[in-house]
Amino acid sequence: MSQKIAGPKGMNDILPGEVEVWQHVERTARELFSRFGYGEVRTPTVEDTALFVRSVGEETDIVGKEMYTFEDKGGRSLSLRPEGTAPAARAYIEHSVVNQEPLTRWFYMGPMFRYERMKTGRYRQFHQIGAEAYGSKEPAQDVEIMDLVVQLLQTLGLKDVSLNINSLGDETCRPAYQEKLVGHLRAHVDELCADCKVRLERNPLRVLDCKVERCQQIALAAPSILESLCEPCREHFASVQRKMGALGIKFEINHRIMRGLDYYTRTTFEFIAAHPVLGTASTVGGGGRYDKLVKSLGGPDVPAVGVGLGLDRLCLLLRESGQRFGQPAQLFIAVADEGSADEALALASRLRREGLRVELDTRGGSLKSQMKRADKVGATYTLVLGELERTSGQAQLKPMAGGEPVPVKLAELAQTLHAAKPAA
Ligand code: ATP
Ligand code: MG
């Protein structure tokens, strides 16, 4: 016997039965993004490795440890995208979008890749929904992005998600904070993990999101960046908070929200779910401002703010909510005798053309086994088609949830079904 080949570790198949939740989230997001004026951008799944090294940052876990990097046949170093902000910024620059419009709102959806240790809610191929707004440096834009997420979570019926916000300052005030932080970290240098000893020299802020427990304890006692903000950053952060309050959006200030990527300036935020199904993978989304990223990638000096949401985690939460998604067949046609099979097939074809969801069992079989199938697919109604029905043009519509069968003319079947209420 041939050996079975398994799917790649940490990468999931999403089958019918589960995919309906995904489609529901995607549909809801698309509809909401368009209300907010965000247009969809689709970029390649792979990019020049340098794009992520220069934007996300060489010392981050994402680039330093988790990236799928390979050489193509032309000797170029390419990487499967680990996130969506840098590719979107690359496209924004490449197509000179700033010359066409001063304010640009984009969203994207798609798979991302990180070589991580997999567990519930943490995969090697995962999916993000993200939004990016280029061209506004104002706090109103930060708030709009967070409002977008709040409304998405509300529309999906996801409660118990808290919003943590922070400010990372900018090039004026962050160096002074970094110095304070280095002072604190140096006092504990012997206790830091090997990676953090390197980070301390090269990119000390990254120590603050190290996952090693002892490093986390040291990070916990680190000075708060909020005390080091310069006046413009302080004012920006205060204004974000005021506007959030005006929209009635609840949030907490958490000076430890650093984010695992280097490109952030000023506002950063994370949406954290309380549900146990996610375990330690409780962050459903995060983002912030990245006013210097576009320029640092060779583009114009355009401020921006964005967010990335973990679609896999949103779907895990939604599945727990007990809601049902997907649309069962409105009608199952069962064939009473061999001589009615062709007519049943034609009837199904005609009804589908008229916009109805119709199933029949192409294997034929006994009426009993066909009814079993109707039950399994959760059809709202069944109709048995036999010689009597064909010659009289009359049949019985049987509600599968129970209740009396309704007589129906075959010629009026589509109308009747369109008018029927969907299954409860
Ligand atoms: P975490 O702290 O959970 O590792 P992160 O800070 O690395 O998250 P981001 O880069 O900000 O994550 O990505 C945004 C969102 O994408 C996360 O909040 C999370 O919901 C989701 N996400 C990130 N990595 C994974 C993964 N490996 N598997 C599933 N979802 C992920
Ligand atoms: Mg991570």
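Keep in mind the model is a prediction, meaning the values are calculated, not measured. Atoms within a ligand are numbered from 1 in the order they appear, just like the ligands themselves.
With sequence neighbours excluded, the residues forming a salt bridge (Lys or Arg N to Asp or Glu O under 4.0 Å) with Arg289 are Asp142, Asp291, listed by chain and number.
When heavy-atom distances to ligand 1 are checked against a 4.0 Å cut-off, Arg259 comes that close only through its side chain, counted from C-beta outward.
No more than 12 heavy-atom neighbours from other residues, nucleotides or ligands sit within 6.0 angstrom of NZ on Lys295. The neighbour count for Arg350 CZ, taken as heavy atoms of other residues, nucleotides or ligands under 6.0 Å away, is above 12. Shown here is Gln100, whose CD atom has more than 12 heavy atoms of other residues, nucleotides or ligands within 6.0 Å. By the neighbour-count criterion of 12 heavy atoms within 6.0 Å, atom CZ of Arg352 is densely surrounded, having more than that number from other residues, nucleotides or ligands.
Residue nearest to atom 12 (O) of ligand 1, selected from Arg117, Met112, Arg124, Arg114: Arg114 (by heavy-atom distance). Here the shortest heavy-atom distance to atom 4 (O) of ligand 1, taken over Arg313, Arg122, Met258, His127, belongs to Arg122.
Between Phe269 and Phe271, the angle of the ring planes goes over 60°, which puts this pair in the perpendicular group of the 30/60° scheme.
For the pair Lys211 and ligand 1, the shortest N or O to N or O distance does not fall below 3.5 Å. Checked by distance only, ligand 1 and Tyr123 come closer than 3.5 Å through their nitrogen or oxygen atoms.
Within the listing of ligand 1, atoms 18 (O) sit less than 4.0 angstrom from a heavy atom of Gly285. For ligand 1, the atoms sitting less than 4.0 Å from at least one non-hydrogen atom of Gln128 are 13 (O), 14 (C), 15 (C), 16 (O), numbered in the order shown with element in parentheses. Set against the non-hydrogen atoms of Thr283, the atoms of ligand 1 under 4.0 Å away are 17 (C), 18 (O), 19 (C), 20 (O). Close approach of ligand 1 to Glu116 (heavy-atom distance below 4.0 Å) involves ligand atoms 24 (N), 25 (C), 26 (C), 27 (N). Listed by number with element, the atoms of ligand 1 under 4.0 Å from a non-hydrogen atom of Gly121 are 28 (N), 29 (C), 30 (N).
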